[in-house]
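Heads up, the thing below is written out as structure tokens.
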2 protein chains.
Amino acid sequence: MPRRRLTASEILTPEPISPMTAAEGLTLAPNPGLAERAAEAIVLGVASGALQPGQRLLEVELARLLQMSRVPLREALKILEAQGIVESAPHRGTRLATFDEARIDEICEARLALEKIAMRGAMEAYRREPALLLRLDKILTAMERAAAHMEWIEISKADLDFHREICRASGNAIVQKLWDALARHVLIVFGKEIRSERDAKAIVGQHRRLRDILAAGKAEALDEELDQHILRLQRRKGRNVR
Amino acid sequence: MPRRRLTASEILTPEPISPMTAAEGLTLAPNPGLAERAAEAIVLGVASGALQPGQRLLEVELARLLQMSRVPLREALKILEAQGIVESAPHRGTRLATFDEARIDEICEARLALEKIAMRGAMEAYRREPALLLRLDKILTAMERAAAHMEWIEISKADLDFHREICRASGNAIVQKLWDALARHVLIVFGKEIRSERDAKAIVGQHRRLRDILAAGKAEALDEELDQHILRLQRRKGRNVR
DNA sequence: CTCTGTAAGATTGTATACATTTATTATGTC
DNA sequence: GACATAATAAATGTATACAATCTTACAGAG
């Protein structure tokens, strides 16, 4: 009986396309498709102020600015629509969502709920496999470096990376997906914040504290810390925003 | 100074494209774009068993089956990827996600968190504007009609409509968006369930009870009822699924 | 026989071009 | 002059065609 030769896909992708557990810190390059990159560019554009909430997005113009065709750009808009970043009606065009204070409250509320789930799962994962904490430490180092130079975009990215890593560690694919969408809202909200040097240090400190709580497995301290961490934006309601 | 005549877009779309509050039960036709319809068709295909979880999706074949070009189909796949229904890697294709028991637990867990937020907001909305309850009643009537004939797909749709309406009533756009994604997972999970006539009646009863709790504004009874309602799927773990 | 390199086939990624719908402007009528 | 109607222009929706990439199969060297 001749043993059938394994095909390339059977070797590289055992079952799902993205192997959940790699040989420790080996993560097969994520999706750099043009559509996804365009979506990220649009979100960063809003966060940096180049695009304004509520603004109408013309496909031809955006495609020209991003130096691509309308096809991948439209795919990007579909992604962003599914995530709630833009709104569209058929034959009527697409425009950026608005981010008023009520919306910011909603974002924080949803975020809190999702992260509590993720944190619980992650705490269990870190207990079983403490080596995963190294990924958090790496992100924290990058965050500190960015904070030292007051590079707010980089700080925000590291902030979101931190929480994304926790979602990843939790192994909860659903929460991770929902949080990917929510993270884009959070990034935009971060962009609207006016923050000081003291804020930068506080942010790093908060994340270090979260990391330590996760490492120690103190479940009871987690919820309280999370509340304070995430509702920070809400407490500032009405001030310190552009 | 000549008064400038208002443009049509300024009259029809004051600020956001989708007006949050209409003249009571007047909802400007939602997005029937071809891409969105294709996405819905694919989800229904999984729910009905025509497509199997984990299956690879060939663009040309799917486009032929759905009688459309690859362009809107790809847009549909991007939407579904953002919602976690399919997974893809560039130049490697797209495949349906798998829905094992761990995944079902994740779905229920996330759903519970989101719906608790929505229910709280909706309860407040119903208190201010009891007329909104009529929309729930309408859905419940449809659900009962479907339950009488044991039309499970229709029951599931009414089930999701019920909860979508609650998200809508809550006015929380973020939760609504996240739940739209999650609802597709739930629909697929419903499709995997094997249910009896007793189940049909129980489902209708549970929703009627939820509706009454919302109408009465009994916040304390809500969480408990929700836990029982949503974790129903989880309690059946390991049995009654295909 | 196993491994490596190469070539053919298949599939996805992108760009261009056309059809449909909408929004604006212009025109005519009351 | 105000309103309704028709024509023009703009933008989106869709289809077709081409390019880049990957998978697979095959041949040859060790």
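Order of the sequence lines fixes the chain letters, A, B, ..., with proteins taken first and strands second; residue numbering starts at 1 for each chain.
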Are any of the side-chain nitrogens in [X] or [Y] under 4.0 Å away from the carboxylate oxygens of its partner?
X: B/R74; Y: A/E75; value: yes
X: B/R95; Y: B/E81; value: no
X: B/E40; Y: B/R37; value: no

Taking atom [atom2] of [N] as reference, at what distance in whole Å does atom [atom1] of [X] sit?
X: B/E81; N: C/dT12; atom1: CD; atom2: P; answer: 13 Å
X: B/E36; N: D/dT12; atom1: CD; atom2: P; answer: 18 Å
X: A/E59; N: C/dT21; atom1: CD; atom2: C1'; answer: 13 Å
X: B/E61; N: C/dT11; atom1: CD; atom2: P; answer: 9 Å
X: B/H91; N: D/dT23; atom1: NE2; atom2: P; answer: 11 Å
X: A/R95; N: C/dA23; atom1: CZ; atom2: C1'; answer: 13 Å
X: A/I79; N: C/dG13; atom1: CD1; atom2: C1'; answer: 13 Å
X: B/L34; N: C/dA19; atom1: CG; atom2: P; answer: 18 Å

Residues of residues 67-77 of chain B with a heavy atom under 4.0 Å from any atom of DNA chain D, listed by number, are B/M68, B/S69, B/V71, B/P72

Inset, instruction - Measure from the side-chain heavy atoms of A/L58 and tell me the nearest of D/dA11, D/dA15, C/dT12. - result: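 Nearest to the side-chain atoms of A/L58, counting from C-beta on, is D/dA11.
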
If we only count heavy atoms from C-beta on, is the A/K157 to A/M143 side-chain gap below 4.5 Å?
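Counting from C-beta outward, A/K157 and A/M143 never come under 4.5 Å.
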
query: Should B/V186 and B/L160 count as side-chain neighbours, where that means a heavy-atom distance under 4.5 Å?
result: yes

Review point. Distance from B/Y126 atom OH to B/L133 atom CG, nearest 0.5 Å?
Key: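 Reported to 0.5 Å precision, the distance equals 6.0 Å.
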
